[in-house]
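Following this message is one structure expressed as structure tokens.
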Amino acid sequence: MKQFWSQGSINKNKGMVENLRRYGVITSEKVAEVMEAVDRGIFVPNGSPAYADSPMSIGYNATISAPHMHAMCLQLLEKNLQPGMHVLDVGSGTGYLTACFALMVGPEGRAVGVEHIPELVASSIANIEKSAAAPLLKEGSLSVHVGDGREGYPEFAPYDAIHVGAAAPEIPKPLIDQLKPGGRLVIPVGNIFQDLKVVDKNSDGSVSIHSETSVRYVPLTSREAQLRGN
Ligand SMILES: C[S@@+](CC[C@H](N)C(=O)[O-])C[C@H]1O[C@@H](n2cnc3c(N)ncnc32)[C@H](O)[C@@H]1O
């Protein structure tokens with residue numbers, strides 16, 4: 001797996017963002033601003049090296065993704081995260097990226113997280129309440145729900161942007177259906193070998209798909225299979 005720096009070399013959120021810029025991962029001012037505002041330290045389990053460039057276990061056979069993956073996904077989706085737009089974060093886990101999305105789309109927009117482990121939904125809400133996105137949670141433009149993200153989240157569809165934080169064997173049709181024309185879905189696809197796919201919905205409803213990079217994510221699966229560890 002790619003790692004731009006290791007544990008221990010960085011102990012502040014600002015330093016993490018500076019490193020992401022230094023290694024050329026972050027090129028967008030807006031993404032840098034948002035990742036500086038949302039302190040990753042709030043979202044990782046106590047005692048974890050919060051600002052190292054690696055995924056970390058968050059329990060329930062789930063992880064928080066590495067900072068460079070968060071930055072990459074924010075940048076891939078940036079045009080579809082303009083103020084007022086709607087974004088769905090499937091497999092929202094710790095809530096970190098949902099909080100970043102909410103700051104991107106602002107109070108006129110809507111950021112929705114869907115996660116199938118109820119305990120993670122509860123802890124993600126507690127994390128967000130301590131973060132820069134807390135006012136958006138309070139006002140209601142940011143919300144996190146328990147559900148099977150393979151079904152999307154129809155209540156707030158259609159979405160300008162959909163991010164999936166777990167690898168699907170194939171792209172779930174409900175996610176394409178819930179994308180607006182002009183909308184973009186970023187999703188890891190595959191089993192052992194996975195590609196981060198970018199799916200753009202055209203104005204006629206057809207989709208264009210390209211692979212961005214090879215990745216390694218936990219599976220997008222049923223709750224039971226995840227808790228069994230397969
Ligand atoms: C790699 S973690 C990413 C979490 C989040 N992006 C973060 O960085 O904190 C993937 C998440 O997807 C969740 N997940 C897996 N399958 C799911 C499904 N069918 N519906 C909803 N969430 C799912 C897992 O529980 C886990 O929290």
Side-chain angles (χ1 to χ4, degrees), residues 1-2 13 16 20 31 34-35 38-45 48-77 81 87-102 104 111-128 130-131 133 142-155 161-175 178 185-191 194 196 215-230:
M1 274 290 81
K2 202 178 269 179
N13 198 61
M16 178 190 84
L20 288 166
V31 168
V34 162
M35 286 186 72
V38 180
D39 187 345
R40 185 178 164 89
I42 294 170
F43 293 82
V44 304
S48 300
Y51 310 109
D53 191 30
S54 63
M56 276 156 224
S57 171
I58 56 171
Y60 311 95
N61 292 321
T63 54
I64 177 169
S65 303
H68 76 265
M69 284 310 307
H70 283 151
M72 180 187 283
C73 291
L74 282 163
Q75 290 192 158
L76 285 170
L77 289 167
L81 295 171
V87 52
L88 175 65
D89 186 21
V90 171
S92 48
T94 61
Y96 172 82
L97 210 47
T98 324
C100 292
F101 288 147
M104 300 280 289
V112 181
V114 59
E115 164 60 55
H116 66 170
I117 305 288
E119 292 87 345
L120 287 179
V121 171
S123 57
S124 69
I125 290 170
N127 295 338
I128 294 166
K130 291 182 240 156
S131 79
L142 189 183
S143 56
V144 187
H145 309 267
V146 179
D148 186 341
R150 293 172 294 187
E151 301 301 324
Y153 203 77
E155 189 179 335
I162 301 179
H163 168 264
V164 183
E170 53 197 41
I171 301 171
K173 184 169 179 300
L175 299 185
Q178 289 172 32
L185 161 67
V186 171
I187 178 169
V189 178
N191 295 306
Q194 304 167 1
L196 190 67
V215 288
R216 190 77 193 270
Y217 279 74
V218 301
L220 186 73
T221 185
S222 69
R223 187 188 304 163
E224 297 70 29
Q226 181 172 323
L227 294 176
R228 274 198 313 270
N230 57 18

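Keep in mind it's a predicted model, so treat the numbers as computed, not measured. When a ligand or atom number is given, it counts from 1 through the structure's own listing order.
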message: Counting non-hydrogen protein atoms only, what is the nearest one to atom 8 (O) of ligand 1? Give residue, atom name and distance.
response: H70 NE2, 2.8 Å

Residue and atom name of the nearest protein heavy atom (relative to atom 14 (N) of ligand 1), distance in Å to one decimal: H116 NE2, 3.4 Å

- line: Note: ligand 1 atoms sitting under 4.0 Å from heavy atoms of R150 are 19 (N)

task: Fit a plane to each ring of F43 and Y96, take the angle between them on a 0 to 90° scale, and name the class: parallel (under 30°), tilted (30 to 60°) or perpendicular (over 60°).
output: perpendicular

query: Is there side-chain contact between S124 and T98, with heavy atoms separated by less than 4.5 Å?
result: no

task: Examine D148 against ligand 1 and note whether any of their N/O atoms are separated by less than 3.5 Å.
output: yes

- request: Using non-hydrogen atoms of the residue, decide whether S222 is closer than 4.0 angstrom to ligand 1.
  value: no

- prompt: Between Q226 and T221, is there a donor-acceptor pair closer than 3.5 Å when you use the side chain of the first and the backbone of the second?
  reply: no

- line: atom 20 (N) of ligand 1: closest protein heavy atom, distance to 0.1 Å, is G149 N, 2.8 Å

query: For ligand 1, which atoms sit closer than 4.0 Å to a heavy atom of P219?
result: 15 (C), 16 (N)

query: Which one holds for L220 and ligand 1: side chain close, backbone close, both close, or neither close, with close meaning a heavy atom under 4.0 Å?
result: both

Per-atom contacts, ligand 1 versus G165 - under 4.0 Å to a heavy atom: 1 (C), 2 (S), 3 (C), 10 (C)

task: Please report which non-hydrogen protein atom sits nearest to atom 12 (O) of ligand 1, along with the residue it belongs to and the distance in Å to one decimal place.
output: G91 CA, 3.2 Å

field: Subset of ligand 1 atoms that lie under 4.0 Å from at least one heavy atom of I117
entry: 25 (O)

message: Starting from atom 13 (C) of ligand 1, what is the nearest protein heavy atom, named by residue and atom, and what distance separates them?
response: E115 OE1, 3.3 Å

query: Has the side chain of E151 got a donor or acceptor atom that lies under 3.5 Å from a matching backbone atom of P174?
result: no

- prompt: Are the side chain of D53 and the backbone N or O of H68 linked by a donor-acceptor pair below 3.5 Å?
  reply: yes

message: For the NZ atom on K173, are there more than 12 heavy atoms of other groups (residues, nucleotides or ligands in this structure) within a distance under 6.0 Å?
response: no

- prompt: So, do L196 and M69 sit near enough that their side-chain heavy atoms are less than 4.5 Å apart?
  reply: yes

query: Can you find an N or O of Q226 that's nearer than 3.5 Å to an N or O of ligand 1?
result: yes

message: Would the distance check show the side chain of R223 and the main-chain N or O of H116 forming a donor-acceptor pair, the cut-off being under 3.5 Å?
response: yes

- prompt: Counting distance only, does the side-chain N/O of Q194 pair as donor-acceptor with the main-chain N or O of Y217 below 3.5 Å?
  reply: yes

message: Does any part of the side chain of I64, heavy atoms only, come nearer than 4.5 Å to the side chain of R40, both counted from C-beta?
response: yes

message: side chain to side chain contact (heavy atoms under 4.5 Å, CB included) for R228 and N61? Distances and angles first, verdict last.
response: CA-CA 9 Å; R228 274 198 313 270; N61 292 321; over 6 Å; no

- request: Considering only non-hydrogen protein atoms, determine which one is nearest to atom 3 (C) of ligand 1 and report residue, atom name and distance to 0.1 Å.
  value: T63 O, 3.3 Å

query: Can you list the ligand 1 atoms lying under 4.0 Å from a non-hydrogen atom of T221?
result: 16 (N), 17 (C), 18 (C), 19 (N)

- request: Would you mind listing which atoms of ligand 1 come within a distance below 4.0 Å of any non-hydrogen atom of S92?
  value: 5 (C), 9 (O)

message: Give the atom numbers and elements of ligand 1 that come within less than 4.0 Å of a heavy atom of T94.
response: 7 (C), 9 (O)

message: Does ligand 1 come near enough to D89 that some N or O of the ligand is less than 3.5 Å from an N or O of the residue?
response: no

query: Mind checking whether S131 and D39 have side chains closer than 4.5 Å, heavy atoms only?
result: no

statement: If we number the atoms of ligand 1 from 1 as shown, the ones under 4.0 Å from a heavy atom of L120 are 27 (O)

